Amino acid sequence: MVPLLARRAFLWGRRRLPRPAAAAQGVRRLSLFPGRSSRGRPAEPPLSPPLSAPLPTAPAAAAARLCSGAGGEAEAAGGDGAMLRHLARKLRASGPVTVAEYMREALTNPGQGYYTRRGGVGESGDFITSPEISQVFGELIGIWYISEWMAMGKPSTLQLVELGPGRGTLTEDILRVFKQLASVLGKCDVSVHLVEVSPKLSEIQAVTLTGGKVQPNPEDKSAYMEGISKNGIPIFWYSNIQDVPPGYTFYLAHEFFDALPIHKFQRTEKGWREVLVDIDPEVPDQLRFVLSPSRTPATQNFIQPEETRDHVEVCPEAGVIVQRLASRIEKDGGAALVADYGHDGTKTDTFRGFRNHKLHDVLSAPGTADLTADVDFSYLRKMAQGRTATLGPIKQREFLKNMGIDLRLQVLLQNSGDTATRQQLLHSYDMLMNPEKMGDCFNFFALLPHHRLVPPDKKDKSKSPSPPVAGFNELLLK
Ligand code: SAH
């Protein structure tokens with residue numbers, strides 16, 4: 001049983017908050033640092049049955065334990081059931097698939113995937129994220145990048161790469177800070193590179209960032225789209241991080257890694273087994289979880305011998321991406337900031353579905369709901385493989401406090417004339433910072449070049465030490 005507090009904290013994450021009406025209408029963008037409006041505390045969705053109980057070891061028992069009502073529900077829920085039919089055909093023809101394969105199909109299948117078709121953030125109203133709650137969030141991140149750029153000796157070019165940019169709001173807020181601090185950036189050649197799998201969301205990003213003036217399939221580039229931001233910064237879109245050109249780069253992944261496919265494993269009396277998704281032979285087009293009858297390549301590759309948990313989730317795709325970011329930072333310089341809900345290698349069953357701000361059975365009506373799992377930061381740290389230093393994870397409320405959110409709030413409150421704006425500022429601050437809302441369950445984690453964190457040289461006093469990394473209270477060198 002998950003403790004109530006933990007559940008409530010979890011429910012305040014990305015997929016639980018109704019989209020503020022302002023986001024639908026196009027939020028009025030204020031000058032630097034005022035808070036975006038938000039709409040009062042939303043009703044909490046009902047709690048779902050706990051999923052953390054161990055899976056039974058026999059496939060038949062597993063079916064009884066975690067069967068999901070899909071089938072007709074897809075129709076009732078407004079989906080056309082095409083994804084379910086596609087999966088059912090596939091499962092009948094070639095047998096059960098891993099949870100990772102199921103998640104990949106459900107989220108990013110080119111024709112019927114949740115992100116591909118519905119978009120998820122904002123438009124469909126399934127979830128809302130910190131940048132959509134308050135523009136202060138993105139502005140503080142923009143300041144983090146400028147501060148790191150200065151600490152690293154003000155390189156003459158700077159690429160900002162965002163993975164999974166949603167509606168483009170976070171990048172928009174960062175670019176506004178870059179504009180306000182143009183005198184600090186001086187002649188630095190800034191470009192933006194967005195890695196986005198969803199054509200629907202990339203269209204929304206294009207409108208947010210360029211007013212919709214974009215060129216598809218530029219001839220001489222690996223990008224699938226390019227445009228110019230409202231303040232003249234070139235922006236490129238890619239399907240894969242590999243396509244982004246090399247160079248000194250700041251990476252950003254906010255609520256990106258939790259959307260990547262996970263493998264799930266269960267310890268049994270016979271050893272580790274992988275949780276798979278299968279079709280229920282007795283109920284047409286209904287999906288169920290089963291356990292692999294024997295070990296799978298994934299059980300052999302992803303379970304550590306010293307593992308003590310009985311249920312483990314691993315996201316190899318996140319590992320590959322972090323390896324790639326770490327090599328790029330090692331070679332070309334820069335930093336990566338990852339913000340997401342997650343844990344440090346301690347949690348077990350965190351796979352969840354969300355639709356219309358409510359928990360949703362992960363096997364029901366695939367393609368119509370967001371699927372997500374907590375990010376395992378200990379795994380990301382391991383995947384950096386010492387190529388870079390890592391900082392964190394540190395709780396969102398600590399990171400934002402260290403970045404000066406309290407001071408900014410005070411300034412904004414002093415400068416705002418009307419009570420409604422002041423209330424909105426206080427409300428969005430509470431959403432981001434309250435430990436029972438987003439303050440504790442979201443974390444910040446960074447990859448930085450080793451030289452950035454070199455401690456002061458005691459012998460050579462002429463060398464000045466690197467300034468501390470903003471946002472991270474303690475420099476946790478791992
Ligand atoms: N960062 C945004 C949106 C988070 S939702 C915010 O905080 O508001 C997850 C985002 O990741 C969406 O834009 C989704 O389309 C994108 N995404 C999911 N899987 C992806 C993948 N494999 N490659 C690239 N983008 C992906």
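In each ligand, atom 1 is the first atom listed, and ligand 1 is the first ligand listed. Being a predicted model, the structure only gives us computed values, none of them experimental.
For E162, the salt bridge (charged side-chain N to carboxylate O under 4.0 Å, His left out) test picks out no residue, with sequence neighbours left out.
Each of the following atoms of ligand 1 lies closer than 4.0 Å to a heavy atom of F256: 11 (O), 20 (C), 21 (C), 23 (N), 24 (C), 25 (N), 26 (C). Interface of G166 with ligand 1, defined as ligand atoms under 4.0 Å from a residue heavy atom, comprises 2 (C), 3 (C), 13 (O). Contact atoms of ligand 1 toward E162: 1 (N) (distance under 4.0 Å to a heavy atom of the residue).
With contacts defined as side-chain heavy-atom distances shorter than 4.5 Å, the pair L413/L426 qualifies.
Within 6.0 Å of atom NZ in K230, more than 12 heavy atoms from other residues, nucleotides or ligands are found, so the atom counts as buried in its surroundings.
Under 3.5 Å, the side chains of E196 and S202 contain no donor-acceptor pair of N or O atoms.
The shell of residues lying under 4.0 angstrom from ligand 1, judged by heavy atoms, excludes T116. Taking 4.0 Å as the cut-off, R167 does not count as a neighbour of ligand 1 on heavy-atom distance. Heavy-atom distances between L201 and ligand 1 reach below 4.0 Å in at least one pair.
Using a 4.0 Å cut-off between charged side-chain N and carboxylate O, E139 and R408 make no salt bridge. Salt bridge status for E148 with R452: present, with a side-chain N to carboxylate O gap under 4.0 Å.
Looking at S198 next to ligand 1, no N or O pair under 3.5 Å apart turns up. Ligand 1 has an N or O atom lying under 3.5 Å from an N or O atom of T129, backbone or side chain. Here's the thing with H254: one of its N/O atoms is less than 3.5 angstrom from an N/O atom of ligand 1. In terms of polar-atom proximity, defined here as any N/O pair under 3.5 Å, G164 does make such a contact with ligand 1.
Of the candidates V244, I321, D243, V244 is the only one forming a side chain to side chain contact (heavy atoms under 4.5 Å, CB included) with V195.
For F399 and F472, the ring centers are positioned less than 6.0 Å apart.
Counting heavy atoms under 4.0 Å from ligand 1, residue L260 touches it through the side chain alone.
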